[in-house]
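The structure under discussion appears below in the form of structure tokens.
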Amino acid sequence: MWCNECHRYKDNCLFLVPSPRYLCRMSKRVRVRFAPSPTGGLHLGGVRTVLYNYLFAKKHGGDFLVRIEDTDQSRYVPGAEEYIFDTLKWCGLEPDESVQHEGNYGPYRQSERKETYRKYAEQLVKDGFAYYAFDTTEELEKMRHDYKTEQNPSPQYDHTIRMKMRNSLTLPPDEVKTLLDAGTKHVIRIKVPEKETVSFIDMIRGKVSFDTSIVDDKVLLKGDGMPTYHLAVVVDDHLMQISHAFRGEEWLPSAPVHILLWKYLFGIENMPQWAHFPLILGPNGKLSKRDGAKYGFPVFAMNWTDPKTNELTEGFKEKGFLPEAFINLLALLGWNDGTEQEIFSKEELIEKFSMERIHSAGAKFDYEKAKWFNHEWIKKFEVSGLRFEVKSLLEKNDIPVSDISLLYKVIELVKDRCTLLPDFVQQSSFFFKTPEQWYVDAVKPKWNEEKKKFFELFIEEINALENWQSAVIEDAFKKMAALQNIKPGELQLPFRIMLVGGKFGPPVFNIAELLGKNETILRIQNALKVFG
RNA sequence: GGCCCGUUCGUCUAAGGGCUAGGACACCACCCUUUCACGGUGGUGAUACGGGUUCGAAUCCCGUACGGGCUACCA
């Protein structure tokens, strides 16, 4: 016995359980897909959709696949597809099946499946659920213009006007045949029923209903023979045995078209379970690829260069985010595990993720919080996990790193004060390169002969030190200060400037320890010449 | 305009009829530290509004307002 509401067999009926958000027991293998259109960089929302798909699949021991939805040839952007896979790789969210690793349901690029779709579209026409339409772009524009009123600013090609257009519903059959035989350019449109309520259970929102009287006759097969998203998504989700279909909330309004197609083509009971994720909002609404870096924070996962304009949009990766932090912050944008935990590894996310804990409201992206996540991850990271990144960053800034054991010690010492990876450059370059200039203004006003004498004596003192450790150096420093009758605090800043060049870095005696005795003395001597 | 979705501190969120509405980011103050951070302690700060239902509503229902999305031979 099938449920008329959720179209599921009795034990799986969504209405027999306490919450409409309940994930019904799955008899089928879990298979989910991310279906991007390769038209540019992948932004925050896209990566989060990938993430939620991935987590769901892994949690349920299922498959995560990526299907390239490139049915709009006019929007083809070279490099975009490769970029998507590079991004997934960086994020550690690699698909089980895709154009790069084909599974048993290929091809995974819709442009290569072109022939498949026509068959289904023709079937719909034959069954009376769709029709041929011959209207030209001009005729469509005219229709939109003629029927435009204040009440209805954007008229649709729907049941109220389809009988006034040029299509196989209005033209005599023989004329339709003649047009078709002559190879006249045409589209196939779905014939949406006039009065019907279609509904489905969204795993996040519960029951969502639509009245088909306001749904338009969407194009299914375009003039160039390619399917539109509406046809392709339904056909491919069926052919690829997708069990759960997740996408952004912007797709919710087209759900009735897809439901109808499932009903006409493969049976509503076979439709995957759907969930529409809340949108990630920027400062002015939905995040857009086109807005690039206008917000003052990245929107793309990685750097993206538009091949047409050569315009570079900076990504989270290049900004200095760790992939672990990036994923973590995305996961928490609209989901939480019900506890107060905020830092999760990918493995923990897989274990704890659940669709019913996804928030239904959109979330405004907060860059400050994003940085906090990264900071937490840098602090949490083992030095060995950071060393390649830091080394290459330093070398990019002309700071050669030859002593790897020093690098380890330096990273350990400074990582707590780095929020983004490039902060390591500021915090640690002076360990590898002697300062070329000093922030003299911070020292000069209070500089005097007594202080100069202190450092001259201090050089001698530490030169005799056998144990070169920060605590020993500090001890010597303070004893000498007491001997000279100067407050140690007044001497610490000059000392720091001597070793570092500026007012930053970890505790000064730790710096001296890592620098070594010779280098420390050398830097004091050099600086003394400048301080006068 | 129509349709759909949504609404708890500035931001992300917890609380699924029952305490002074909890946490995190950010902000402020203090402590630690005579660099800057980290860390610690404390503080400012929210249930959009109006009606119901109920002994009791942030929570359930209705309306209003506001926000967002969609309204292409784009996805």
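Each chain gets a letter, A, B and so on, in the order the sequences are listed, and its residues count up from 1.
- Under the 6.0 Å cut-off for aromatic ring centres, A/Tyr52 and A/Phe246 do not qualify, their centroids lying 6.0 Å or more apart.
- The stretch residues 36-44 of chain A comes close to RNA chain B through A/Ser37, each having a heavy atom under 4.0 Å from the strand.
- Closest heavy-atom contact between A/Trp438 and A/Pro435: CZ2-O, 3.8 Å.
- Considering only side-chain atoms of A/Arg205, the nucleotide from B/C74, B/U71, B/C5 that sits closest is B/C5.
- Taking atom P on both nucleotides, B/G6 is separated from B/G10 by 23 Å, rounded to a whole Å.
- If you look at A/His258 and A/Tyr229, their ring centroids are closer than 6.0 Å.
- For the P atoms, the distance from B/G16 to B/C61 is 16 Å, rounded to whole Å.
- Rounded to the nearest Å, the gap between the P atom of B/A37 and that of B/C70 is 42 Å.
- For the pair A/Lys444 and A/Trp447, the cation-pi criterion (under 6.0 Å, within 45° of the ring axis) is not fulfilled.
- The A/Arg417 side chain lies nearest to B/U35 when the options are B/C4, B/A14, B/U35.
- Checking the phosphate oxygens (OP1, OP2) of B/C73, a side-chain nitrogen or oxygen of A/Arg189 falls inside 4.0 Å.
- For B/G68 and B/G63, the P atoms lie 22 Å apart once the distance is rounded to whole Å.
- For A/Phe210, whose side chain is taken as the heavy atoms from C-beta onward, the closest listed nucleotide among B/C4, B/G69, B/U35 is B/C4.
- With both ends at atom C1', the span from B/C27 to B/U20 equals 24 Å, rounded to whole Å.
- For A/Met143 and B/C73, the CE to C1' distance is 12 Å, given to the nearest whole Å.
- One distance of note links CD of A/Gln156 with CZ of A/Arg162; it measures 12.0 Å at 0.5 Å rounding.
- Nearest to the side-chain atoms of A/Leu140 among the listed nucleotides B/C73, B/U35, B/A75 stands B/C73.
- The same atom, C1', is picked in B/U33 and in B/C38; the two are 11 Å apart, to the nearest Å.
- With distances taken from any side-chain atom of A/Lys379 to the nucleotides B/A75, B/C38, B/C12, the minimum falls on B/C38.
- Regarding contacts with the backbone of B/G6, every side-chain N or O of A/Lys364 stays at 4.0 angstrom or more from both OP1 and OP2.
- Comparing atom distances between the A/His375 side chain and each of B/C38, B/U35, B/A75 picks out B/C38 as nearest.
- Each of B/G6, B/C73, B/C70 was ranked by its minimum atom distance to the side chain of A/Ser360; first place goes to B/G6.
- Contact detail for A/Tyr117 and A/Gln110: the closest heavy-atom pair is OH-CG, 3.3 Å.
- The cationic atom of A/Arg189 (NZ for Lys, CZ for Arg) does not lie both less than 6.0 Å from the six-membered ring centre of A/Tyr132 and within 45° of the ring axis.
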